[in-house]
Amino acid sequence: MSRAEAPPAPAGRRPRALWTFGLLRSELVTTLRRWRTLALLGVLAAVPVLVGIAVKVETRGGSSSGPDGGGGPAFIAQITNNGLFLVFTALAATLPFFLPMAVGVVAGDAIAGEAGGGTLRYLLVAPAGRTRLLLTKYTTVMAFCLLATLVVAVSALAVGALLFPLGDLTTISGTRIGFADGLGRALLIALVVAASLVGVAALGLFVSTLTNSGIAAMATTVGLLITVQILDQIPQLHALRPYLFPHYWLSFADLMRDPVYWDDLVKNLGLQALYAAVFGSAAWARFTAKDISA
Amino acid sequence: MDAPSATERRGDDGPAPVIATRGLTKRYRGGQLAVDGLDLTVPAGSVFGFLGPNGSGKTTTIRMLMGLIAPTSGTARVLGRPMPRATRAVLPQVGALIEGPALYGFLSGRDNLLRYDAADPTADPRTRRARVAAALDRVGLTAAAGKKARAYSLGMKQRLGLAAALLQPRRLLVLDEPTNGLDPQGMREIRSLVRELASDGTTVFLSSHLLDEIEQVCTHAAVMTRGRLVTQGSVADLAAGARGRLVVLTPDPGDAARVLKEQGVGDVGADGDRVTGEPPERDLAEVTAALVTAGVRVRGLTVERASLEDAFVALTGEGFDVAG
């Protein structure tokens, strides 16, 4: 009763710190229940299977492909000796395109898909809060980066263990490390690969705040990804290339050196943080000032 | 409880309005003026009908009230707090259905509500399932709660949208065209739901382009055309503004028309055995006596009450389906 006597300021229920994470939980579950997400993860899980079977078929009959056995992704020649190398090969094969494309689809759809479906207005009047919703979306996209990378890594590890022997392994520098150490490095590489996707995620989220069409945002993000990948291959743009987000992506292989060569790894993580800060701020500035008319 | 004290406080001046806008204006980037200097006052405890043809600026106004779009100029206060600045404090106490329901087709009806409830940081997760079940029950969707929302009919989607607005006890419900897509039985249910909520003390802001819908449930109404507010007030006052018609049924229309004119009835017209005119100031009993004294045979004499539609036409000079 006393509340009603108070001045017009409404004394309603108060938000609780813990309750605000309900949206994040809902977002994670909802993302994982979309067929699209599951299909993307399925494709990513299939890549190591294909690579593993291809290598197995190729080397059947005992003739292991030599150390200079042509091109292919990094580490592919080592797989027959040690299944653990399939993890590195699969990550090297998916990082240039499959992984960032999957992240671009999920990030591009994050806000634009909700706007297109009209559900954005109901989330905002709930009220989710624009900053909170954007942070939730970005956290979810980053969780998806990690999940997608782990799906590739775990699938590769399973296929590698099934088709090839496991054991001690030789680093790029030629030293031998134990299997447990190798497994640890594989996990570390998976984390670095996931972190490499943070820049695309931020870019996709920003694009997502610009339009009310999820499809348009996804296509734009993936289109930008391809464009930047091509630009990164043009030698004449060498002044620009170190600032392109995929430029240091394959530096994760340096974790397989002994001792680890950190320079490019640190540059990669720094660049991803820069992209996250720039496009994250742009997305925030855009989304918090936007008229929601869809 | 807020509700009873809110009614008690309704004194001479009444409590602070639930919605108050001053000069609220929205000009879209194309230069189109969607809402033009709106001064809207929605009293607490009212069922407020917000009328206007499609395209008159109703939805833009509602979006500004809910903090979804920023006004070009002017202010809007909801539950006494400025919007869109106070969305976090205000919106948990507001249930809204804006421009039709929007659902996640791949989630069940129940999961849709769970998600919308999780978006509200003031909603207690411990009571979430129970509140969702109660809201589903209230709109009659319990049986279909487990079905995927994409399999819902338009009417069921509309009900689910309403259920989302009823997840919490609200001080204000904003319902934009709530009976769209519903069959007559569904419309009746929504109307009785609105009355029930209003009797609990919830203020209901109901936008519609259907006049009889407003007339049946609303205590107050405002009329918009082309982005401007034409009038607002209690429904009784609005209808009274447009005066009713005196109707005399008689086999002697000529004589009746002459007598009525003598009695001071203006704008007399005859159509078959029906003679109509503006009701006079004097007692109708005297008019009746005069007719009978003059030998006019009278089958019936009534004053047809003016409808809100008459009021609307009188105010805007146009039909209702004209888009602004």
Side-chain angles (χ1 to χ4, degrees), chain A residues 1-38 113-133 136-137 212 287-294, chain B residues 1-6 8-9 15-16 26 28-29 59-60 63 66-70 77-81 86-107 111-112 114-125 128 161 164-165 167-168 171 174:
Chain A
M1 285 295 179
S2 57
R3 281 196 288 147
E5 309 302 328
R13 302 174 304 272
R14 301 224 162 271
R16 303 265 188 93
L18 204 60
W19 295 359
T20 64
F21 290 106
L23 182 59
L24 178 59
R25 189 167 151 251
S26 162
E27 185 65 36
L28 290 170
V29 172
T30 307
T31 304
L32 285 180
R33 286 177 68 176
R34 283 183 197 272
W35 277 111
R36 189 177 54 224
T37 315
L38 298 178
E114 301 269 9
T119 46
L120 182 60
R121 63 175 183 268
Y122 286 108
L123 289 178
L124 289 180
V125 300
R130 297 194 185 199
T131 305
R132 174 169 169 252
L133 184 60
T136 301
K137 289 285 184 185
N212 287 338
F287 187 54
T288 50
K290 190 185 184 186
D291 277 353
I292 308 297
S293 51
Chain B
M1 295 291 285
D2 289 350
S5 41
E8 280 161 24
R9 287 196 302 156
K26 180 67 186 180
Y28 282 116
R29 247 181 297 166
T59 298
T60 302
R63 281 178 182 272
M66 297 293 100
L68 290 173
I69 63 182
R77 296 179 83 83
V78 177
L79 300 175
R81 303 283 292 270
T87 46
R88 280 169 65 93
V90 170
L91 291 182
Q93 309 180 65
V94 179
L97 185 67
I98 307 162
E99 260 192 297
L103 305 166
Y104 300 89
F106 60 99
L107 295 181
D111 288 343
N112 267 283
L114 289 171
R115 174 156 170 80
Y116 284 135
D117 195 63
D120 178 358
T122 71
D124 188 345
R128 184 161 293 151
L167 284 168
Q168 299 268 9
R171 283 176 65 190
V174 174

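Every chain is numbered from 1 and lettered A, B, ... according to where its sequence line falls, protein lines coming before strand lines. Hydrogens, waters and symmetry mates play no part in the numbers below; they use all other heavy atoms, side chains included.
B/Glu99 contributes atom CD, which lies 5.5 Å from atom CZ of A/Arg121 (distance to the nearest 0.5 angstrom). Considering OH of A/Tyr122 and CD1 of B/Ile98, their distance stands at 6.0 Å, rounded to 0.5 Å. Rounding to the nearest 0.5 Å places CZ of B/Phe106 at 3.5 Å from CZ of A/Arg34. The distance from the CE atom of B/Met66 to the CD1 atom of A/Ile292 is 14.5 Å, given to the nearest 0.5 Å. Note: B/Leu68 CG to A/Arg130 CZ = 6.5 Å, rounded to the nearest 0.5 Å.
Taking every heavy atom of both residues into account, B/Pro121 and A/Pro127 meet most closely at CD-O, 3.2 Å. Shortest non-hydrogen contact noted between B/Leu91 and A/Leu124 is CD1-O, 3.7 Å. Taking both residues in full, the closest heavy atoms of B/Ala119 and A/Ala126 are given as CB-CB, 3.7 Å, listed atom of the first, atom of the second, then distance. Here the closest heavy-atom approach between residue B/Ala102 and residue A/Gly117 is recorded as CB-O, 3.3 Å. The two residues A/Leu123 and B/Tyr104 make their nearest non-hydrogen contact at CD1-OH, 3.5 Å.
Under the 4.0 Å criterion applied to side-chain N and carboxylate O atoms, A/Asp291 and B/Arg29 are not assigned as salt-bridge partners.
Contact of B/Asp124 with chain A is made through backbone and side chain together, with heavy-atom distances under 4.5 Å. For chain A, the nearby parts of B/Leu97 are the backbone and the side chain; heavy atoms of each come within less than 4.5 Å. The contact between A/Glu114 and chain B is made entirely by side chain atoms (from C-beta outward), counting heavy-atom distances below 4.5 Å. Contact of B/Arg115 with chain A is made through backbone and side chain together, with heavy-atom distances under 4.5 Å.
Counting heavy-atom pairs under 4.5 Å between each of A/Arg25, A/Arg132, A/Lys290 and chain B puts A/Arg132 at the top. With respect to chain B, the highest number of heavy-atom pairs below 4.5 Å among A/Gly22, A/Ser26, A/Gly118 belongs to A/Ser26. By number of non-hydrogen pairs under 4.5 angstrom with chain A, the leading residue of B/Asp111, B/Thr87, B/Leu114 is B/Asp111.
Counting only heavy atoms from C-beta outward, the side chains of B/Asp120 and A/Trp19 never approach each other to under 4.5 Å.
Other residues, nucleotides and ligands place no more than 12 heavy atoms under 6.0 Å from the CZ atom of B/Arg88.
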